[in-house]
Amino acid sequence: MAAAIRPPGPVLLQTLRRSTYPGVEGLGSACCRCPLGAKRYLLTDNIVKLKEFQHKKVAIGHKLPGTKETFLRNLEKKLTQNNLILKEELRTLLHLCETRDDVELAKNVIYRYHAENRNLTLGEYKFGPLFMRLCYELDLEESAVELIKDQHLQGFFSDVTSFNILMDMLFVKGKYKSALEVLIQMKNQDVKFCKDTYVLAFAICYKLNNPESLKICTTLREEALIKGEVLSQRASCFAVALALNQNQVAKAASIFSHIMKSESIICTNLNIMIHVQSNMLETLIEILKEAAEGNLSKFVKRQKFSEEVLAKVREKVKDVPALLASFDELYGKLHESGQVTACSLDDLLCHIPRDRNARTVLFNKRTVSRRTFQPLNHSLWAE
């Protein structure tokens with residue numbers, strides 16, 4: 001089994017480099033039509049940690065012995081005099097930056113710090129994600145791309161989080177070509193992909209939506225499966241949607257068949273689209289009939305269908321009177337039962353998932369009284 005595992009070859013990198021097409025920047029669209037409030041980004045806040053970063057900025061600013069201006073002047077002096085930059089100084093600087101000029105100073109300090117500590121970074125504090133969060137906050141994605149691609153900083157951005165945050169930042173802005181270039185850098189620097197990386201990579205390929213991006217997506221997916229990595233449902237859904245957009249219906253159906261749990265709203269709608277593009281019209285009507293008329297308990301969540309997807313179903317069956325009549329009847333029933341959403345397929349794909357950490361907070365709350373050391377349910381009134 002182990003012999004079958006092979007490292008990624010140069011073919012993928014060549015494919016990635018060839019696929020940077022002009023004219024794809026800024027293709028993102030707003031999702032204001034979607035009642036779910038879908039947004040064009042992919043990582044939850046427990047990964048980006050932007051709020052946590054902003055809270056630390058406030059705390060560090062309050063704890064600073066002198067003024068911010070004095071601190072910055074001292075760092076500039078250190079750079080001029082070629083003095084050693086300390087780890088804590090760089091960390092503080094990255095939390096104090098508020099303007100582009102501040103970030104320019106931070107970039108100079110990063111180059112100096114990395115040159116001084118290039119061979120001592122093993123197990124050290126990772127500054128990459130911190131810098132990416134700063135660029136995320138200040139809308140400086142160009143600076144982030146510039147530094148992560150700079151050969152002189154090889155090793156500074158050695159963690160997967162830095163690349164993921166940057167690709168997410170570029171995805172927000174609709175800069176899919178630049179995001180793909182970051183993915184190339186990640187492969188070139190041998191940074192190991194994680195589950196979120198595959199979501200980002202497949203989403204970027206889906207947005208580029210051309211034969212080359214499908215080839216990249218397919219290659220990455222095959223490599224992941226060869227390595228025994230488990231791809232998330234979300235990553236697979238982007239791969240299915242891209243294959244459908246490229247009229248590779250057999251490929252889309254094959255990928256979809258490997259999704260273990262396909263009850264989600266996006267899987268429901270992708271399944272409909274696979275049937276639409278496969279011309280499986282009778283089966284398609286049966287699926288809608290089961291969803292609209294099935295004897296489900298009120299406690300069982302009903303399937304929801306995108307208005308956009310249902311419009312494509314109607315377009316497909318419009319020339320078959322019997323199927324059209326059945327569809328129109330089912331469409332009315334689905335609407336009456338609240339099973340139709342205004343979200344497009346793209347809205348559903350790009351909708352950010354609920355942050356799982358939000359649930360765990362409930363379990364981390366204090367259960368013992370600080371005053372009596374008794375369980376809170378015993379001492380609640382005393383407190």
Side-chain angles (χ1 to χ4, degrees), residues 27 29 31-36 38 202-203 205-211 213-214 217-218 221 233-234 236-298 300-351:
L27 294 178
S29 60
C31 298
C32 56
R33 293 179 293 106
C34 181
L36 292 177
F202 293 2
C205 290
Y206 158 78
K207 282 295 189 178
L208 288 170
N209 189 26
N210 53 54
S213 69
L214 178 60
C217 182
T218 302
R221 183 174 176 274
Q233 180 194 99
R234 201 165 187 222
S236 296
C237 285
F238 276 114
V240 172
L242 172 58
L244 287 172
N245 286 348
Q246 289 296 305
N247 294 314
Q248 299 290 325
V249 187
K251 184 185 289 291
S254 174
I255 298 170
F256 188 84
S257 69
H258 288 87
I259 297 177
M260 299 300 290
K261 294 181 179 180
S262 55
E263 298 84 16
S264 68
I265 183 172
I266 184 59
C267 285
T268 295
N269 285 275
L270 286 173
N271 186 37
I272 294 295
M273 286 305 303
I274 289 171
H275 281 76
V276 167
Q277 292 184 223
S278 301
N279 289 313
M280 300 169 65
L281 305 185
E282 288 81 4
T283 308
L284 186 54
I285 294 298
E286 285 301 315
I287 293 172
L288 294 176
K289 185 175 182 180
E290 178 63 27
E293 300 177 351
N295 294 320
L296 294 177
S297 165
K298 63 180 180 180
V300 176
K301 190 175 182 181
R302 288 182 172 270
Q303 290 178 304
K304 278 201 170 186
F305 300 90
S306 166
E307 188 80 64
E308 174 196 59
V309 170
L310 291 176
K312 290 181 179 178
V313 175
R314 194 177 199 285
E315 180 66 23
K316 201 73 175 177
V317 302
K318 69 178 183 180
D319 295 325
V320 185
L323 293 181
L324 179 59
S326 297
F327 171 77
D328 285 341
E329 182 183 351
L330 293 171
Y331 177 80
K333 289 180 178 179
L334 289 170
H335 254 289
E336 286 174 12
S337 59
Q339 290 177 259
V340 180
T341 174
C343 291
S344 68
L345 201 57
D346 187 71
D347 292 335
L348 296 172
L349 280 163
C350 297
H351 178 65

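Just so we're clear, the structure is a prediction, and the values are computed from it rather than from any experiment.
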Worked verdict on E315 versus K312 for salt bridge (Lys or Arg N to Asp or Glu O under 4.0 Å) = CA-CA 5 Å; E315 180 66 23; K312 290 181 179 178; over 6 Å; no
request  = Check for a donor-acceptor pair, side chain of D347 on one end and backbone N or O of S344 on the other, with a separation under 3.5 Å.
outcome  = yes
inquiry  = I need the C237 SG to Y206 OH distance, nearest 0.5 Å.
reply    = 11.0 Å
task = Could you grab the distance from atom NZ of K251 to atom OG1 of T218, nearest 0.5 Å is fine?
result = 4.0 Å
request  = Mind listing the closest non-hydrogen atom pair of L330 and A292 along with its distance?
outcome  = CD2-CB, 4.0 Å
query = What pairs of residues pass the salt bridge (Lys or Arg N to Asp or Glu O under 4.0 Å) test when at least one of them lies in residues 329-341, not counting sequence neighbours?
reply = E293-K333, E329-K333
task = Decide yes or no on side chain to side chain contact (heavy atoms under 4.5 Å, CB included) for T268 and V309, but give the supporting numbers first.
result = CA-CA 10 Å; T268 295; V309 170; over 6 Å; no
query = If you draw a 6.0 Å radius around NE2 in H258, do more than 12 non-hydrogen atoms from other residues or ligands fall strictly inside?
reply = no
query = Can any side-chain N or O of N269 pair as donor or acceptor with the backbone N or O of S306 at less than 3.5 Å?
reply = yes
inquiry  = Run D328 and R314 through side chain to side chain contact (heavy atoms under 4.5 Å, CB included) and show every step you take.
reply    = CA-CA 8 Å; D328 285 341; R314 194 177 199 285; 3.0 Å; yes
ask   = With sequence neighbours left out, what residues match F305 under ring-ring contact (aromatic ring centres under 6.0 Å, His included)?
value = none
query = In chain order, what residues pass the ring-ring contact (aromatic ring centres under 6.0 Å, His included) check against F327, with sequence neighbours excluded?
reply = Y331
Approximate separation, where rounding is to 0.5 Å, of L270 CG and L349 CG = 6.0 Å
ask   = Ignoring hydrogens and geometry, is there a side-chain-to-backbone donor-acceptor pair from E308 to C343 under 3.5 Å?
value = no
query = Between L208 and S213, which heavy-atom pair has the shortest distance, and what is it?
reply = CB-CB, 3.9 Å
key: Minimum heavy-atom distance C267-S262, with the two atoms named   = CB-O, 3.4 Å
query = Does Q339 use its side chain to pair, donor to acceptor, with the backbone of R302 at less than 3.5 Å?
reply = no
ask   = Who passes side chain to side chain contact (heavy atoms under 4.5 Å, CB included) against A203, sequence neighbours left out?
value = L42, F171, F238
task = Go through the steps to decide whether L345 and I266 satisfy the test side chain to side chain contact (heavy atoms under 4.5 Å, CB included), and finish with yes or no.
result = CA-CA 7 Å; L345 201 57; I266 184 59; 3.7 Å; yes
ask   = NZ/K318 to CG/L323 distance, rounded to the nearest 0.5 angstrom?
value = 14.5 Å
query = Checking S254 side chain against A250 main chain: does a donor-acceptor pair fall under 3.5 Å?
reply = no
ask   = Nearest heavy-atom pair of K304 and G338: which atoms, and what distance?
value = CE-O, 3.2 Å
request  = Apply side chain to side chain contact (heavy atoms under 4.5 Å, CB included) to S236 and list each qualifying residue two or more places apart in sequence or on a separate chain.
outcome  = L231, I255, I259
Could you pull out all donor-acceptor pairs under 3.5 Å where a side-chain atom in residues 271-282 meets a protein atom, sequence neighbours excluded?
residue	atom	partner	partner atom	Å
N271	OD1	H275	ND1	3.4
H275	ND1	N271	O	2.8
Q277	NE2	L244	O	3.2
S278	OG	I274	O	2.7
N279	OD1	K316	NZ	3.0

